[in-house]
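Presented below is the structure to which this report refers.
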Amino acid sequence: MARLIRYLVTLGTVALAGYVLAQMFHDYLFHPWTRDGHVRAQVIKITPRVSGPIVELPVSDNQAVRKGDLLFRIDPRTYELAIEQAEAKLKQARASAEVSLDQATRARDLHKRDKGAISEQSLTRKENNLLVSEADVDVARANLYAAQLDLEFTEVRAPVDGYITNLKLRQGTQTVANQPALALIDTASFWVHGFFKETQIRNVRSGNQAVIKLMTYPDQPLEGIVENMGWGISQQDGQSDADLLPTINPTFDWIRLAQRIPVRIRLTRVPEDVTLRVGTTASVFITTE
């Protein structure tokens with residue numbers, strides 16, 4: 001009798017262990033989880049369109065700004081002068097066009113009254129001069145518009161709501177056109193990247209529910225939805241050498257480590273008192289059933 005009891009206890013223990021292992025394997029396949037997650041956001045490189053020294057800098061490092069807020073102002077005097085010059089050239093071009101129009105009109109009238117009074121070549125030359133003068137007016141008008149745009153570009157404003165970060169500008173700093181001057185984190189673009197083992201993503205699909213726990217706020221879970229998965233990761237081996245042959249490093253590891261695939265999670269619910277910061281660590285749990 002005692003042997004039977006021991007046999008039943010052993011059988012029950014094995015069955016319970018098998019059930020636990022099966023449940024763990026089920027969770028591994030259908031509820032993938034990783035601690036290798038990071039908060040991400042779009043970082044906008046604020047780049048001035050014109051060059052010049054900064055004369056006004058109303059923002060500070062890590063400050064929140066709204067769309068349209070002034071970030072910095074470049075010395076506008078050079079560009080104001082360029083507008084005055086462009087306006088003067090436009091007036092000059094219009095005056096020349098009026099003279100050419102008057103000359104061409106007189107030549108046409110004279111040619112109608114007496115075709116021998118002016119040659120066809122002279123008439124054609126005056127009409128061509130009129131066309132050139134009208135084109136000069138168009139060019140001068142375009143140059144004026146470009147000068148006005150340059151003056152507008154001396155005021156650099158926030159394109160979106162966001163946070164200024166790692167600000168190194170100071171009043172008097174010389175900005176260079178088309179060179180990034182500061183970084184702005186778009187507050188409306190936060191997402192989470194979970195880096196899952198390749199053995200875990202088999203059943204992951206877009207639309208799966210996800211729960212995110214930030215290391216900063218371990219007791220305040222965030223909710224999200226799987227948006228998409230990466231289609232490729234960089235390989236360390238296989239790059240071509242000088243002879244265009246693949247370079248494969250020999251390995252003697254007994255264990256093959258699974259590669260990590262980035263899974264993008266769109267946040268659907270963030271607690272009001274949770275502040276998201278780019279690069280912070282997160283744990284990501286996905287429900288695929």
Side-chain angles (χ1 to χ4, degrees), residues 37-83 144-194 206 210-228 262-282 284:
H38 296 89
V39 177
R40 293 284 185 263
Q42 296 291 346
V43 180
I44 301 174
K45 296 179 180 179
I46 303 299
T47 304
R49 302 282 295 273
V50 294
S51 302
I54 294 177
V55 295
E56 185 178 354
L57 186 66
V59 296
S60 58
D61 196 14
N62 300 317
Q63 176 183 332
V65 296
R66 305 288 293 178
K67 181 179 179 179
D69 286 352
L70 179 66
L71 301 179
F72 58 87
R73 179 179 283 108
I74 299 170
D75 189 350
R77 291 175 295 177
T78 302
Y79 303 98
E80 292 171 346
L81 177 60
I83 288 179
L144 175 59
Y145 180 63
Q148 292 170 341
L149 281 180
D150 287 342
L151 181 60
E152 291 182 13
F153 292 150
T154 59
E155 292 186 354
V156 180
R157 298 185 177 274
V160 295
D161 297 345
Y163 298 105
I164 301 295
T165 186
N166 196 30
L167 179 65
K168 296 182 179 180
L169 297 178
R170 291 295 181 268
Q171 189 165 333
T173 300
Q174 178 73 23
T175 62
V176 179
N178 302 319
Q179 293 294 324
L182 59 85
L184 177 66
I185 296 177
D186 184 357
T187 55
S189 67
F190 279 101
W191 77 89
V192 172
H193 254 153
S206 296
V211 177
I212 301 98
K213 287 189 176 181
L214 303 178
M215 187 175 290
T216 314
Y217 304 94
D219 299 327
Q220 295 177 279
L222 287 64
E223 296 178 5
I225 294 177
V226 174
E227 201 166 48
N228 51 54
V263 178
R264 181 173 175 136
I265 309 295
R266 176 169 55 86
L267 298 174
T268 57
R269 191 188 71 84
V270 179
E272 293 183 358
D273 54 346
V274 170
T275 301
L276 299 177
R277 301 181 188 275
V278 176
T280 51
T281 306
V284 183

Taking every heavy atom of Val284 against every heavy atom of Gly37, the minimum-distance pair comes out as CG2-CA, 4.5 Å
Using side chain to side chain contact (heavy atoms under 4.5 Å, CB included) as the criterion, list what pairs up with Lys45, not counting sequence neighbours. Thr47, Pro180
I'd like to check Val39 versus Ile212 (side-chain heavy atoms, cut-off strictly below 4.5 Å). Are they in contact? no
Enumerate the residue pairs fulfilling side-chain hydrogen bond (donor to acceptor under 3.5 Å, both in side chains) with a member in residues 218-228, sequence neighbours excluded, ordered by first and then second residue. Gln220-Asp273, Glu223-Arg269, Glu227-Arg264
Restricting to non-hydrogen atoms, name the atom on Ser189 and the atom on Gln42 that form the minimum distance, rounded to 0.1 Å. OG-N, 2.8 Å
Of all the heavy-atom pairs spanning Leu214 and Ala282, show the shortest one and how long it is. CD2-CB, 3.7 Å
Worked check of side-chain contact (heavy atoms from CB on, under 4.5 Å) between Ile83 and Gln148: CA-CA 6 Å; Ile83 288 179; Gln148 292 170 341; 4.1 Å; yes
Among all residues two or more places apart in sequence or in another chain, which pass the side chain to side chain contact (heavy atoms under 4.5 Å, CB included) test with Asp61? Leu167
Please lay out, stage by stage, how Leu276 and Leu267 fare under the test side-chain contact (heavy atoms from CB on, under 4.5 Å). CA-CA 11 Å; Leu276 299 177; Leu267 298 174; 3.6 Å; yes
Side-chain contact, heavy-atom cut-off 4.5 Å: Ile44 with Ile46? yes
Do Ile185 and Phe190 come within less than 4.5 Å of each other through their side chains, counting heavy atoms only? yes
d(Leu182 CG, Leu169 CG) to nearest 0.5 Å is 5.5 Å
For Val55 and Ile74, which heavy atoms make the closest approach, and how far apart are they? CG2-C, 4.0 Å
Would you name the heavy atoms of Leu70 and Pro58 that are closest together and state the gap between them? O-CG, 3.3 Å
Report yes if some heavy atom in the side chain of Thr78 is under 4.5 Å from a heavy atom in the side chain of Val50; otherwise report no. no
Closest contact, heavy atoms only, Val211 versus Pro221: CG1-CB, 3.9 Å
Scan for side-chain hydrogen bond (donor to acceptor under 3.5 Å, both in side chains) pairs involving residues 170-181, sequence neighbours excluded, and state none if there are none. none
Can you confirm whether Val59 sits close enough to Asp69 that some side-chain heavy atom of one is under 4.5 Å from a side-chain heavy atom of the other? no
Are Met215 and Thr280 close enough that some pair of their side-chain heavy atoms sits under 4.5 Å apart? no
Rounded at 0.5 Å granularity, tell me how far CZ in Arg277 sits from OG1 in Thr165. 9.5 Å
So, taking the atom named CD1 in Ile265 and the one named CZ in Arg40, what distance separates them when rounded to the nearest 0.5 Å? 13.0 Å
Partners meeting side chain to side chain contact (heavy atoms under 4.5 Å, CB included) with Asp161 (sequence neighbours left out): Arg66, Lys67, Thr187
Tyr163 OH: over 12 foreign heavy atoms closer than 6.0 Å: no
Mark yes or no for whether Ser51, through its side chain, and Ala177, through its backbone, hold a donor-acceptor pair below 3.5 Å. yes
Heavy-atom check, side chain of Leu184 versus side chain of Ile164, under 4.5 Å: yes
Pairs touching residues 149-158 that satisfy side-chain hydrogen bond (donor to acceptor under 3.5 Å, both in side chains), sequence neighbours left out: Arg73-Glu155, Glu155-Arg157
